[in-house]
**Q** 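I'd like to ask you about the structure that follows.
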Amino acid sequence: MSITGSQRHLFDIPDDVTYLNAAYLTPQPGTVRRAGLGALDRADAPWTIAVDDFFAPVERLRGLFADLIGADAEGVAIIPSVSYGAGIAAANLKVGPGRTVVVLEEQFPANVYPWRSAVTGGGGEMVTVARPSDGMWTPSVLETIDAQTAVVAVPNVHWTDGSLLDLAQVGAAARQVGAALVIDASQSLGAMPFDAGEIRPDFVFAAGYKWLLGPFGLGYLWVSPDYRQGTPLEQGWIVRAGSEDFAGLVDYRDQYAPGARRYDVGERSSFQLIPMAMAAIEQLLDWGVDHVATALQGITDAIERAADERGLLVVPPQARGPHLIGVRAASGLPTGVAAELAARRVYVSIRGDSIRVAPHLYNDQSDVDRLFSVLDEVL
């Protein structure tokens, strides 16, 4: 469906709040909230929860997420966090002596720390790509990938300012030297189209509570077929073959359920979170992520124009994602900018030296105007 005008009516946001911080926590649509309330009500009657409820909703969610990224549901695992997904990738991709892991400067740490540990244990080395002055990460990353590269662990957009990385080009370069591509898509999935068939990642994971509009504590991992027989972080019972037969759980099995299910977190069947996550992705599929991206591009373009008029610095449109933009001041930001904005009910984040502005479909031009009316006072 096409998106016409603000979708604020679908969210419970007070009229006097300008919330431009979707990259931090996204307000949940009413459909997601109602799904959660319904799930809590059901928890009061556990006798209504059947064995199939441990499995069928999770499989439905796998399929929804697969549809969102253009992949197969057999590769989807349900995880609790990005660090869990990165941990699975690091446990199954060995970085031996003389090999390197490529990351971006000031990259979000959840896709950095597991690799620091991996190279320490395996004798490899971290290689950090310096932030380019023009915001164009892709050429710098391509120049860094070489015969020593074992893993390229990167996002689609930089979490501080939305600067963009062309994952299709990076993936092709990684494959050419036999390196794995590991993507933290937390700051892009749901707001930018993602085509796993084109990008061909080895591992891609995302938190569910940001642009995916879902609950905190539930995320997603997709694993390429090459790594679906790997080592999980947990040895759970529900990921074993035949676990649907509760009476037979005493007959221990070493065989896992097929696909990437072996990587599912324990208690993956969370009767409160799974319904909310399904409602969230159904909403995104109903809107169409390409339509979401187009709508958000219009808002970030308006932010860019307002910043330019004031001599503030932003990543140019060709170098950033459609949904996330960092605003910098040439002389640096004064202390307490975010607090000054919040005092006026305008909400953003400070990340690095950027005011990170992350709009969603509940925002429009009036929110942009209000943001800059306050910035005019505090910058």
Side-chain angles (χ1 to χ4, degrees), residues 71 75 77 82-161 163-188 194-206 221-233 260 263 319 321 352:
V82 166
S83 58
Y84 194 96
I88 290 171
N92 287 279
L93 295 169
K94 303 307 177 186
V95 185
R99 305 301 302 279
T100 62
V101 177
V102 175
V103 298
L104 308 184
E105 184 178 4
E106 297 183 336
Q107 182 168 299
F108 191 76
N111 199 21
V112 175
Y113 285 130
W115 304 110
R116 286 163 60 111
S117 178
V119 300
T120 298
E125 181 182 354
M126 299 290 293
V127 175
T128 301
V129 179
R131 182 185 290 276
S133 59
D134 60 0
M136 303 290 285
W137 285 103
T138 304
S140 298
V141 172
L142 295 178
E143 290 173 6
T144 305
I145 297 171
D146 58 24
Q148 282 68 52
T149 306
V151 179
V152 181
V154 292
N156 200 164
V157 299
H158 202 286
W159 72 300
T160 63
D161 62 3
S163 48
L164 182 65
L165 190 59
D166 187 326
L167 293 179
Q169 289 191 52
V170 171
R175 289 190 297 276
Q176 190 170 7
V177 298
L181 177 61
V182 179
I183 300 167
D184 175 3
S186 295
Q187 292 294 4
S188 54
F194 185 97
D195 185 347
E198 177 187 13
I199 297 167
R200 296 171 60 187
D202 294 283
F203 295 84
V204 56
F205 37 79
L221 167 69
W222 184 83
V223 182
S224 74
D226 291 342
Y227 296 100
R228 293 179 191 172
Q229 302 302 311
T231 304
L233 294 187
Y263 299 122

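In what follows, every heavy atom counts, from backbone to side chain, and hydrogens, waters and symmetry copies are set aside. Along the sequence shown, the residues carry numbers beginning at 1.
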**Q** Flag the pair Phe194 / Ile183 as yes when at least one side-chain heavy-atom distance between them is below 4.5 Å, and no otherwise.
**A** yes
**Q** Any side-chain heavy atom of Val182 within less than 4.5 Å of one from Val101?
**A**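 They are not in side-chain contact.
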**Q** Report the distance from atom CG of Leu93 to atom CH2 of Trp115, rounding to the nearest 0.5 Å.
**A**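 Going from CG on Leu93 over to CH2 on Trp115, the span is 4.5 Å.
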**Q** Nearest 0.5 angstrom please: Arg228 CZ to Asp226 CG, how far?
**A** 9.0 Å
**Q** For Ala174 and Val152, work out which heavy atoms get closest and say how close.
**A**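 That would be CB-CG2, 4.1 Å.
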**Q** For the residue pair Val151 and Val95, establish whether any side-chain heavy-atom pair is separated by less than 4.5 Å.
**A** yes
**Q** Checking Asn92 side chain against Thr231 main chain: does a donor-acceptor pair fall under 3.5 Å?
**A** yes
**Q** Could you tell me whether the side chain of Glu125 reaches within less than 4.5 Å of the side chain of Gln148, counting heavy atoms only?
**A** no
**Q** Roughly how far, to the nearest 0.5 Å, is the CD1 atom of Ile145 from the OG atom of Ser140?
**A** 11.0 Å
**Q** Are Thr144 and Thr149 close enough, and set up right, to give a side-chain contact (heavy atoms from CB on, under 4.5 Å), and what steps lead you there?
**A** CA-CA 8 Å; Thr144 305; Thr149 306; 6.0 Å; no
**Q** Heavy atoms, side chains only, cut-off 4.5 Å: are Leu167 and Pro201 in contact?
**A**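 No. Closest side-chain heavy atoms not under 4.5 Å.
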**Q** Restricting to non-hydrogen atoms, name the atom on Ala130 and the atom on Trp137 that form the minimum distance, rounded to 0.1 Å.
**A**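 Closest approach of Ala130 to Trp137, heavy atoms only: O-CZ3, 3.5 Å.
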**Q** For the residue pair Pro155 and Leu104, what are the closest heavy atoms and their distance?
**A** CD-CD1, 3.6 Å
**Q** Kindly indicate whether the side chain of Val177, heavy atoms from C-beta on, has any atom under 4.5 Å from the side chain of Asp146.
**A** no
**Q** Do Leu181 and Arg200 make a side-chain contact, defined as non-hydrogen atoms from C-beta onward lying under 4.5 Å apart?
**A** no
**Q** If every non-hydrogen atom of Ala196 is compared with every non-hydrogen atom of Ala71, which pair is closest and at what distance?
**A** CB-CB, 3.9 Å
**Q** Could you measure the distance from the CH2 atom of Trp159 to the CG atom of Asn111? Nearest 0.5 Å is fine.
**A**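 If I round to the nearest 0.5 Å, the distance is 13.0 Å.
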**Q** So does Glu105 get a backbone contact from the side chain of His158, meaning a donor-acceptor N/O pair under 3.5 Å?
**A** yes
**Q** Apply the side chain to side chain contact (heavy atoms under 4.5 Å, CB included) test between Asp184 and each candidate in Val112, Asn156, Val82; give the one that qualifies.
**A**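 The passing option is Val82.
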**Q** Between Thr120, Val119, Val102, which is the residue that forms a side chain to side chain contact (heavy atoms under 4.5 Å, CB included) with Met126?
**A** Val119
**Q** Would you say the side-chain atoms of Gln187 pair up with the backbone N or O of Phe108, donor to acceptor, closer than 3.5 Å?
**A** no
**Q** Taking atom CZ of Arg116 as the centre, report whether more than 12 heavy atoms of other residues, nucleotides or ligands fall under 6.0 Å from it.
**A**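 No.
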**Q** Kindly give the heavy-atom pair with the smallest separation between Arg99 and Ala150, and that separation in Å.
**A**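 Smallest interatomic distance, heavy atoms only, reads NH2-CA, 3.5 Å.
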**Q** Just how far is it from atom OG1 of Thr138 to atom CG of Leu164, taken to the nearest 0.5 Å?
**A**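 With rounding to 0.5 Å, OG1 (Thr138) is 6.0 Å from CG (Leu164).
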**Q** Return the minimal non-hydrogen interatomic distance between Tyr227 and Ala180, and the atom names on each side.
**A**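 Smallest interatomic distance, heavy atoms only, reads OH-CB, 4.5 Å.
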**Q** Once you round to the nearest 0.5 Å, how far does CZ of Phe203 lie from CD1 of Ile88?
**A**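 Phe203 atom CZ to Ile88 atom CD1 measures 8.0 Å (nearest 0.5 Å).
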